[in-house]
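Report on the structure given below.
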Amino acid sequence: MQSSSSSTASSSTPPRYAFIDFMDVGSTMTLSQELANLTEDAGQELEAEGNVLFGSIQGLIVGLRYYTGAVNKGEMVSLVREPHNPYDRNAVMVANVYGSQVGHIKKELAAAMAYIMDNKLARVEGIVPYGEKNKFSMPVILTFWGKEENREVVNNLMIGFGFNLDFRGGSSQTSLGRDLLGLSTKLSAIPLSAEELKNAFDKLFDDLMEDKTKEMEPAEAVCTPLLSHQKQALSWMSSRENSNDLPPFWEENKGLYFNVLTNFAVKKRPEKVLGGILADDMGLGKTLTTIALIVSNFHNGKPLPLEKCKGPSMPSAKRKQATSKEKGVDSEESQESMGLSPLKRLHDDTVRENGPQKKTKTTKKKSANTKKVVLLDDVEFAAALECSSSQVVPSKKCVKKSSVPSEISAGSVARATLIVCPLSVLSNWLDQFEQHIRTDVTVKVYLYYGSERNRSVSLLSEQDVVLTTYNVLSSDFGNKASSPLHNVKWLRVVLDEGHVVRNPNALQSKAVLELQSERRWILSGTPIQNSLKDLFMLLSFLKLKPFDVKEWWSRIIQRPVTMGDRVGLKNLQALVKGITLRRTKNSKVGGRTLVQLPERRVFVQYVTLSGMEREKYERVKGEGKNIVGRYFQEGTFMANYADVLTILMRLRQCCCHPSLVGNYTAADVPGTPSELRERLIQKITLVLNSGSDEECAICLDSLRQPVITYCAHVFCRPCICEVIRSEKEQAKCPLCRAQIKTKELVEYPGEQAETRSDTGENWRSSSKALALMSNLLKLRNEDPTVKSMVVSQFTGFLDVLEVALREYGFSFTRLDGSLIQRARAKAIEDFQDSTPGSPTIMLLSLKAGGVGLNLTAASQVFVMDPAWNPAAEDQCVDRCHRLGQSRDVVITKFIVKDSVEENMVKIQKKKQELVDKAFGVKNSQDAKQARIDDIRALMEL
DNA sequence: ACCGCCGGGTGCC
DNA sequence: ACCGCCGGGTGCC
């Protein structure tokens, strides 16, 4: 099994924004993705986007009488090649929107289409114009879509078989044309302008709360009083789960159910979609609301039946602690705590946000101790507890002893809720269950995490809540041995920070889609990260038919909308509105905003380099300019992109502290395999530590178990192995098409391998470090209780700052990618602690920590170096500027004058203006040129 | 399928 | 009777 520690770094950084995307701030693509697109045929499936219409032709669907799939007039059908059909290897099967086979394309036409489809020269889509009642065959209009460069060859191929692609339908002016494109004729044929589209798109998720203002009180088990907007959310979520309404776009008419979008009609009532998207802004209490939902809305709208605790009030938190302590006594496994540490530490946590009834550490500890004694006396009860709230129990014991006396536990009725979340918010969930559930009832929360996790399906099914991470889920799913989580019939599955699953090709997406559940929820503050496409994955998870199938999503929603079709947009809006609740920090309830956040102000401080620093900077810049200039001349710029990034990184490091910059190695020539290997390790380390949050070009997600190929491209190990497995000996690098082999993949040795810069004894200051220190000293003089976050992209710079902080007697903690979860949680806990003497400074690496991170103790933020993507900075700042922050937040950004940093800021501004103005996606050639131009500007070439 | 196609029966008008 | 024509059997790929 993959070790859980190897995945900590990446999983804790949900790729909320494409960090490295410095050329194109705010656009949808990251560097890797763009590289993948620049390289022809990166193994991606033929996407509908970017395809043009070649033409259309009328064909015939035959063999209707052998199949049950019905089609209505005007309904879309899907065409699927059947290369293994025993009667005709050219066979093309026709299916309706709901996946039932309708028939086949008549063989002569199928013969012409087969080659085109197999070689992906064109995508063929069908729509039935009439004849829906025919018994034996029906006509179908086939439209051919593909890349412009394939138009000719497709046309000629069709002519060769005696078919002429008719282009009349192509002009979307005619009503037939618009029908073929899946566009509407009814409302308006005037397409939306790019501006209107962007506006509409931005507003898609805005304040979807009209008629969602009914409030509901949570079950008694919830001890935290819910705010008004949380009660509204609870009411809405419950009604979504209990609703008997038809799914969006379905209407009932004389015993028939009719989908108004697809024209599909069935006798059987379509399956309900129970659940939806809770897209409230961060800090509005999605977690609390979800907890309230879990305990308040079991079957038939009744609360979840919970065990009452025996004896006098005994907070659940204490019980857990007692159990795990006791466990330590009688168990041989002492390392088990590795994966489970977040739980342990959470017991000592002080109450964070939203906590009207504060518990204090001391009372907790005390009663925990008393409890322990009691527990030892009551073996039966202890066993029960182990099954429920403790995660650290060896499996056999648990399975045997688990005797949950509840009538529901029998298994016929789904009981458990599965919560999947990024590692970084795991402990937050545990915290919040403790904090918000009354102490005299037990909600059985099982943490399915760590190597000792209990894989018993029946045990998991008996829980109230099972908590796990996306990584655990997908690694279980990937290891062919049956995945326990996929064999449980869940009552409810909740995807926390659900936007992290957005690439439908990634393993974790597949793992998530395969879960069996009655109800499904997505929690996400940013349901759409980049583009409309992100929504597809969410609908897919919610099983909102037919949009859970890519083809229908594209044809019915995505393409019409991106082509500016008003009805398409209207449908999209209706779709989103029907399943989403979103309130923002600015939403109003009864005329008042939901939460009032303190102000935040941003200052930029310019730093001037000292003579020595300037000298070194200019030297590094000179070397870099030479090399990059040569790449330009040779036209090998894109091929050497990694090196260019490295050079830029060195310059940026120079701005922070001269000692961060090591010797320059990019010009080295790879020699023997061992030298090559070393060089590759060096390169992958650089890439991963460059602060760019590189994404894997295959899954487009943050790198998981990163490996580097001999051709020096970095991917997730599972992703690239899958490519090699499927392409066998022919396997080529998705980015440069070089041959690749599994045994030639070089692993990332981990952050430890990072060469610590020569700070320590040789500590010398830097202008930027001094600028920071003077700010911090001034703050300490003014108010010693003020806490600050110090953010840098370079862990080496944080090392330097540590020395300086010690020198001046500051107490600080540090959070970066190298910390395992336990240390991470400890660092946050220490920092959030408000008792005197607690650390006042948090050193934070930009890429560490996740969206869920709560650092509200800080009211000062120092951004030491500019990020390529300013959104990353904003995100970082949001960690303290969120609900629970009581002071005004001041952000100070340091920028070195006359340096790459200043240029970066200029480019950021320019990009931001462009993004603000237009919504359109520029073509890859332009993007490439823009990228090159920007690097010229950065390097002053 | 109120078609097309196949293949057996049949054979002036 | 090596054809045409008739009419029954039959029918996706």
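The chains referred to below are lettered A, B, ... by the order of the sequence lines, with proteins before strands, and numbering in each begins at 1.
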Please set out all donor-acceptor pairs under 3.5 angstrom arising from side-chain atoms of residues 507-516 of chain A, sequence neighbours excluded.
residue  : atom : partner  : partner atom : Å
A:Gln508 : NE2  : A:Val500 : O            : 3.2
A:Gln508 : NE2  : A:Asp701 : OD2          : 3.2
A:Ser509 : OG   : A:Asn503 : O            : 2.6
A:Lys510 : NZ   : A:Asn505 : O            : 3.4
A:Gln516 : OE1  : A:Lys489 : NZ           : 3.0
A:Gln516 : NE2  : A:His486 : O            : 2.8

Residues within residues 87-99 of chain A bordering DNA chain C, heavy-atom distance below 4.0 Å:
A:Tyr87, A:Asp88, A:Ala91

Distance-minimising heavy-atom pair for A:Pro139 and A:Val128
O-CG1, 3.6 Å

For C:dG11, what is the paired nucleotide under Watson-Crick or G-U wobble rules, both distances under 3.5 Å?
B:dC3

Nearest-angstrom distance, C1' atom, C:dC6 to C:dA1:
15 Å

Here the gap from A:Asp166 atom CG to A:Thr143 atom OG1, rounded to the nearest 0.5 Å, amounts to 12.0 Å

Ring centroids of A:Phe136 and B:dA1 base under 5.5 Å with planes under 30°
yes

Can you tell me how far P of C:dC13 sits from CG of A:Leu60, to the nearest Å?
9 Å

Within this structure, what is the CD-to-C1' distance between A:Gln101 and C:dC12, rounded to whole angstrom?
9 Å

Residues which pass salt bridge (charged side-chain N to carboxylate O under 4.0 Å, His left out) with A:Glu551, listed by chain and number, not counting sequence neighbours
A:Arg123, A:Arg555

Quick one: A:Glu82 CD to C:dC12 C1', roughly how many Å, whole number?
10 Å

Interatomic distance at C1', C:dC5 relative to B:dT10, whole Å:
9 Å

Side-chain donor or acceptor of A:Arg240 paired with backbone N/O of A:Gly578 under 3.5 Å
yes

Round to the nearest Å and state the distance from A:Lys133 atom NZ to B:dA1 atom P.
15 Å

Distance in angstrom units between A:Arg65 CZ and C:dC13 P, rounded:
12 Å

Note: A:Ser517 and A:Arg519 closest approach over all heavy atoms is OG-O, 2.7 Å

Which whole number of Å gives the distance between the C1' atom of C:dG11 and that of B:dG4?
10 Å

Note: contacts of residues 107-116 of chain A with DNA chain C (heavy atom, under 4.0 Å) are A:Lys107

Validation: residues 258-271 of chain A side-chain donor-acceptor distances under 3.5 Å, sequence neighbours left out:
residue  : atom : partner  : partner atom : Å
A:Asn259 : OD1  : A:Leu261 : N            : 2.8
A:Asn259 : OD1  : A:Thr262 : N            : 3.1
A:Asn259 : ND2  : A:Tyr98  : OH           : 3.0
A:Thr262 : OG1  : A:Phe264 : N            : 3.3
A:Asn263 : ND2  : A:Lys73  : O            : 3.4
A:Arg269 : NH2  : A:Asn244 : O            : 2.4

Taken to the nearest whole Å, CD1/A:Ile61 to P/C:dG11 is 21 Å

Can you give each donor-acceptor pair under 3.5 Å made by side-chain atoms of residues 59-70 of chain A, sequence neighbours left out, with the distance rounded to 0.1 Å?
none

Closest non-hydrogen atoms of A:Gln558 and A:Trp553, given as atom of the first, atom of the second and distance, are OE1-NE1, 2.7 Å

Expressed in angstrom and rounded to an integer, what is the separation of A:Leu64 atom CG from C:dC12 atom P?
11 Å

